[in-house]
Amino acid sequence: MTETTLCFPLRSRDVDGGAAGDGEPTGTDEVLLIEKRRGLGAGWYNGPGGKLEAGETPRECAVRETREEVGLEVDPAALEKAGELEFVLDGTEHTFCHVYRTRSFAGEPTASEEARPEWIPVGEVPYDRMWDDDYLWLPGVLEGRTVAGEFRFEGGTPLDEADFVDHDLEWDVDLEANSDDRNP
Ligand SMILES: Nc1nc2c([nH]c(=O)n2[C@H]2C[C@H](O)[C@@H](COP(=O)(O)OP(=O)(O)OP(=O)(O)O)O2)c(=O)[nH]1
């Protein structure tokens with residue numbers, strides 16, 4: 001079983017010209033996604049993230065991966081735990097993923113060998129170019145909700161070539177109580 005993280009940085013954008021065309025600013029939320037260039041899920045959009053290193057907490061991992069992949073410095077204390085997702089492959093737990101969101105970060109996203117970053121309005125997230133389960137949980141996470149989910153895949157490794165077959169989801173769970181961390 002691999003323990004991983006995902007981090008979804010969010011920002012508000014003021015856009016001129018509301019529906020009424022009265023020039024009133026309208027807020028729209030954007031999320032920083034990456035187009036993953038290599039490894040598991042290459043070619044698909046996702047949040048920055050990756051595998052925990054030895055001795056690292058999930059929160060530390062989310063901060064490090066976001067820095068390494070897109071050069072954004074997120075504030076660990078302000079990372080909000082948004083989800084805990086289990087990916088099961090052929091009946092065996094394959095990956096446990098800690099999901100975070102944040103509005104507190106510094107710097108400008110920059111492309112790396114691993115990732116091409118892109119700010120995308122939350123209503124325009126390209127679910128057809130993401131993992132097959134993401135449309136089930138990411139919209140709620142981007143709205144500020146918390147989720148615990150199990151997603152079952154079949155068809156052997158690698159996980160990103162297996163078929164997504166079914167899932168269980170629980171919303172508005174108390175993740176802080178579970179704590180950051182299955183890591184001792
Ligand atoms: N959004 C989303 N992310 C997923 C799903 N399944 C899954 O493993 N992930 C995440 C967990 C990890 O953050 C990421 C896997 O990337 P990774 O960075 O660990 O894998 P990699 O092979 O590129 O690893 P590395 O060589 O860079 O260490 O994908 C899914 O169904 N949806």
Side-chain angles (χ1 to χ4, degrees), residues 1-10 31-72 74 79-102 109 111-118 120 122 124-143 145-171 175 180-183:
M1 199 272 294
T2 310
E3 199 170 0
T4 62
T5 59
L6 287 173
C7 177
F8 293 95
L10 287 158
V31 58
L32 186 74
L33 297 182
I34 60 163
E35 193 178 5
K36 203 159 183 283
R37 289 177 153 167
R38 64 179 190 205
L40 203 60
W44 296 345
Y45 283 89
N46 207 343
K51 296 185 193 72
L52 262 72
E53 290 182 350
E56 193 176 50
T57 66
R59 191 170 292 266
E60 289 165 346
C61 172
V63 171
R64 176 184 53 74
E65 289 281 355
T66 306
R67 182 191 304 125
E68 288 176 3
E69 291 186 349
V70 297
L72 216 63
V74 304
L79 272 183
E80 218 181 311
K81 186 85 185 264
E84 291 188 342
L85 311 178
E86 249 181 88
F87 300 107
V88 175
L89 179 60
D90 297 324
T92 304
E93 188 181 9
H94 181 279
T95 300
F96 187 93
C97 185
H98 303 261
V99 181
Y100 296 91
R101 70 182 152 239
T102 186
S112 66
E113 278 178 19
E114 262 177 287
R116 186 184 64 77
E118 191 176 329
I120 297 179
V122 296
E124 295 172 24
V125 170
Y127 290 103
D128 58 339
R129 297 189 56 194
M130 300 176 74
W131 289 82
D132 283 345
D133 54 284
D134 290 11
Y135 79 97
L136 292 163
W137 58 267
L138 187 55
V141 162
L142 299 180
E143 277 170 21
R145 298 180 74 185
T146 54
V147 65
E150 182 177 307
F151 304 91
R152 292 177 283 279
F153 290 75
E154 282 176 8
T157 55
L159 182 65
D160 58 0
E161 288 176 23
D163 295 322
F164 173 46
V165 288
D166 72 78
H167 71 281
D168 293 305
L169 271 186
E170 199 185 337
W171 287 101
L175 295 173
D180 206 12
D181 292 304
R182 317 204 315 170
N183 239 14

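As the structure lists them, so they are numbered: ligands from 1, and atoms in each ligand from 1.
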Could you tell me, atom by atom, which parts of ligand 1 come under 4.0 Å of a heavy atom of [X]?
{"X": "Gly50", "value": "13 (O), 18 (O), 19 (O)"}
{"X": "Asp134", "value": "1 (N), 2 (C), 30 (C), 31 (O), 32 (N)"}
{"X": "Gly49", "value": "13 (O), 18 (O)"}

Report the C-alpha distance between Glu60 and Arg64 in whole Å, list the side-chain angles of each, state the deciding distance to 0.1 Å, and finish with yes or no for salt bridge (charged side-chain N to carboxylate O under 4.0 Å, His left out). CA-CA 6 Å; Glu60 289 165 346; Arg64 176 184 53 74; over 6 Å; no
Protein contact of [atom] - nearest heavy atom, named by residue and atom, plus distance:
{"atom": "atom 31 (O) of ligand 1", "value": "Asp133 OD1, 2.5 Å"}
{"atom": "atom 29 (O) of ligand 1", "value": "Asn46 ND2, 3.8 Å"}
{"atom": "atom 27 (O) of ligand 1", "value": "Glu114 OE2, 3.4 Å"}
{"atom": "atom 11 (C) of ligand 1", "value": "Thr4 OG1, 3.4 Å"}
{"atom": "atom 13 (O) of ligand 1", "value": "Thr5 O, 3.0 Å"}

For the residue pair Phe164 and Phe151, categorise the inter-ring angle as parallel (less than 30°), tilted (30 to 60°) or perpendicular (more than 60°).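 Ring orientation of Phe164 relative to Phe151: tilted.
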Nearest non-hydrogen contact with atom 22 (O) of ligand 1 belongs to which option: Val141, Leu136, Leu85, Leu40? Leu40
Minimum distance, heavy atoms only, to atom 16 (O) of ligand 1: which one of His94, Glu68, Lys51, Lys36 is it?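 Minimum heavy-atom distance to atom 16 (O) of ligand 1 goes to Lys36.
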Hey, is Phe87 one of the residues with a heavy atom under 4.0 angstrom from ligand 1?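 Per 4.0 Å heavy-atom rule, Phe87 contacts ligand 1.
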Check contact between Thr2 and ligand 1, using heavy atoms of the residue and a distance below 4.0 angstrom. no
Could you tell me whether atom 7 (C) of ligand 1 has a protein heavy atom closer than 4.0 Å? yes
With a 4.0 Å heavy-atom cut-off (strictly under), which part of Asp160 contacts ligand 1: side chain, backbone, both or neither? neither
Under a 4.0 Å heavy-atom limit, does Phe164 contact ligand 1 with its side chain, its backbone, both, or neither?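 Answer for Phe164: neither.
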Minimum heavy-atom separation for Gly41 to Asp160, with atom names?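 Taking every non-hydrogen atom into account, N-OD2, 2.7 Å.
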